[in-house]
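Worksheet for the structure shown next.
All chains are named by letter (A, B, ...) in the order of the sequence lines, taking the proteins before the strands, and each is independently numbered beginning at 1.
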Amino acid sequence: MSTIKNELLIYNSLSGQKEKFEPIHENKVGMYVCGPTLYSEPHMGNMRTFINFDMIYRCLLKLNYQVKYVRNITDAGHITNSAGDEVDSIGKVARLEQVQSLEIVYKYNVKFQELQRIYNMLPPNIEPTATGHIQEQIETIEKIIENGFAYVVNGSVYFDVKAYSEKFEYGTLSGRVVDELSEETRVLNAQDEKRFFADFALWKKANPEDMQIWRSPWGDGNPGWHIECTAMSTKYLGAHFDIHGGGMDLKFPHHEDEIAQNCGSVGCNPAKYWMHANMLNVNGQKMSKSLGNFFLPKEIVEGTTTVFEKAYSPNIIRFSMMQAHYRSTLDFTADSLDAAEKGFSRLSEAVEKLAVLKTSTTSSISIPDIIQSFYKAMSDDFNAPILLAKIFDAVKYINSVNDGKATITKQDLELLSVEINSFVTDVLGLTMEKLNSDAKLAPVMDLVLDIRKSARENKDWTTSDKIRDGLAIAGIEVKDGKEGTTWN
RNA sequence: GGUCUCAUGGCCGAGUGGCUAGGCACCGGUCUGCAAAACCGUCUACAACAGUUCGAAUCUGUUUGAGACCUCCA
């Protein structure tokens, strides 16, 4: 349906306000999102960013855009400190575990792919790896040197922020000004090869202990921190594409330097719209190992984290995340997750009821209006919490119809059913957990509940309660409703 | 120290210059042998102070508090 296509608004970090989304090529969207670095398992906070961009991707698809979604996989080590003397972060882990870098990368890639499935994330169209694009990175660096925005020192290449600032503006995304930066108290390290402290490495000469080394025109070494994103986004999406996303904490320096590299190599900002997803807190604080509120996305699903006393399904986690806007920080607490669990369950049950609702000749409310409100919420900077609120308005209506207090026509029911299912599963990425899904157990339960029914009819409460309590111990909850008994 | 963001009812969280989301909990009700579940209803909040305005929680200023980034970070 949706004959009226809403105007899509996107908050652009570049301007700091919501802007009308106008794709560079009509009906097509190129989107690049910074993916994981494979030297450890992504934690829950990483997942929030990926899940949010998954939702955004799903929204764009729902709006019938033809989306090319690229999310990189960083499998080459990065420089790990400002002096640049620790180049290979993956190699560092590999040395600790006494295995090869590639083993580390493979191990965590498998885990990451598994997490994508567990959390029901759509795979991007392309997941390019840094190590698969060394040549492209070298070529990008060569272009930047040619353009006069980088210099070679002793086998390493640095981006020349001062030279760049004469032609472009450095710091437009993060609101930083080079003059301000220079007033900072930081001093150039005596051995530092950089001309200016804000300069950053594009290529770093190999250290003897590096486990991954590549050949380049400047000698053996490693690519710098940010160049892979520039090289790969340009290769797969072009010099200028629609959306570039990532976590809020990547804004500076990573994204700022990406802009500089792109301007320095091809003369323009890589993206028209920059989007940043906000952080996840746990019990009111940023996740950190030292605070004891750190856990992995798999642990919370399996109930093996010490931070929470019970397990929460991926759907509950996702639902909880969808109840907050992607640009706001979100706090995970036992209370908030318990609330999400119940809310999600209420939603699931209403969606199930859609299939068995009785229809009438009239509808009490306007179904197209409800559906329009879904689109409107989604089109307002991907406002998932409002979308859920509107869906819950529909849930209330579904329940009323189910109780015979409201009516719906067959045609409206079909429409509502299709759209609610679409928004819940396709857009929000929630999967409806089927109740009574165990094919073997179902006939057994029918039998047991039939016996209990007879007992109740004979007012044999001892037997009926024995059955109910026994099933409860087995983890099966009996629900005596108006129209018979159900279980789950 | 610099740059910036945010402060919403018991909790999580949207949003808006006047019509004051949503989820969860609480309370009341319907249903029920009892209970649970389910459903319905109710609860009227926006840090403090001052200002602008016919009118602000929403705009401005000050104060207090929290957080982020400035170093790898989703």
If you look at every strand shown and take non-hydrogen atoms under 4.0 Å, does A:His43 touch a base, only sugar-phosphate, or nothing? base
List for me each residue that meets salt bridge (charged side-chain N to carboxylate O under 4.0 Å, His left out) alongside A:Glu299, sequence neighbours excluded, and say none if there are none. none
Quantified in whole Å, what is the P atom distance between nucleotide B:rG2 and nucleotide B:rU63? 14 Å
Name the nucleic acid region contacted by A:Met279, choosing base, sugar-phosphate or nothing; use a 4.0 angstrom heavy-atom cut-off, strictly under. base
C1' gap between B:rA66 and B:rU8, integer Å: 14 Å
Which residues pass the side-chain contact (heavy atoms from CB on, under 4.5 Å) test with A:Asn278, sequence neighbours left out? A:Arg48, A:Met248, A:Thr329
Could you give all pairs that pass the ring pair (Phe, Tyr, Trp, His ring centres under 6.0 Å) test and reach residues 110-129 of chain A, with sequence neighbours left out? A:Phe50-A:Phe112
Readout for nucleotides 35-41 of chain B: B = base within 4.0 Å of protein heavy atom, S = sugar-phosphate only, - = neither; 5' to 3' it is BBBSSSS
Around A:Glu169, counting heavy atoms of other residues, nucleotides and ligands shown, do more than 12 lie under 6.0 Å from its CD? no
For B:rG67 and B:rA57, measure between their P atoms and round to the nearest Å. 27 Å
Between B:rA74 and A:Phe50, is there a base-stacking contact, meaning the centre of the base's six-membered ring lies under 5.5 Å from the residue's ring centre while the planes stay under 30° apart? no
Any idea how A:Phe308 and A:Phe332 line up, ring-wise: parallel (<30°), tilted (30 to 60°), or perpendicular (>60°)? perpendicular
Ring-face cation contact, A:Phe392 with A:Arg346, 6.0 Å cut, 45° max: no
Considering only atom P, compute the distance from B:rA36 to B:rG29 and round it to an integer number of Å. 13 Å
Look at the side chain of A:Asn458 against the base of B:rG33 and say whether a donor-acceptor pair falls under 3.5 Å; ignore hydrogens and angles. no
Separation between the P atoms of B:rG28 and B:rC43, rounded to whole Å: 15 Å
For A:Gly343 and for A:Ser464, find the nucleotide of RNA chain B with the closest heavy atom, then tell me which residue's nucleotide is more 5'. A:Gly343
How long is the line joining CD1 of A:Ile90 and C1' of B:rC72, in whole Å? 13 Å
Is the positively charged end of A:Lys62 above the ring of A:Phe423, judged by distance under 6.0 angstrom from the centroid and angle within 45° of the axis? yes
Distance, rounded to the nearest Å, where A:Arg48 contributes CZ and B:rC73 contributes C1': 16 Å
Does one side chain, of A:Arg71 or A:Gln116, offer a donor that lies under 3.5 Å from an acceptor on the other? yes
Taking the side chain as every heavy atom from C-beta outward, state whether A:Val33 and A:Tyr69 have any atom pair closer than 4.5 Å. yes
Looking for any heavy atom pair under 4.0 Å, which part of the strands does A:Gly246 touch: base, sugar-phosphate only, or nothing? sugar-phosphate
Taking atom P in both B:rU58 and B:rG51, compute the distance separating them and give it to the nearest angstrom. 14 Å
Pairwise P distance for B:rC26 and B:rG10, with rounding to whole Å: 15 Å
A cation-pi test, strictly: NZ or CZ of A:Lys162 under 6.0 Å from the centre of the six-membered ring of A:Phe196 and no more than 45 degrees from its axis. Yes or no? yes
Base contacts versus sugar-phosphate-only contacts with protein, heavy atoms under 4.0 Å: please encode nucleotides 4-17 of chain B as B, S and - from 5' to 3'. -------SSSSS--
Consider side chain to side chain contact (heavy atoms under 4.5 Å, CB included). Of A:Val351, A:Ile316, A:Leu347, which one does A:Leu430 pass it with? A:Leu347
Neighbours of RNA chain B within residues 109-119 of chain A, by heavy-atom distance under 4.0 Å: none
Trace of the side-chain contact (heavy atoms from CB on, under 4.5 Å) decision for A:Glu19 with A:Tyr11: CA-CA 6 Å; A:Glu19 296 175 9; A:Tyr11 181 91; over 6 Å; no
Distance, rounded to the nearest Å, where A:Phe294 contributes CZ and B:rA74 contributes P: 11 Å
When rounded to the nearest Å, what value does the distance between C1' atoms of B:rU53 and B:rU5 take? 27 Å
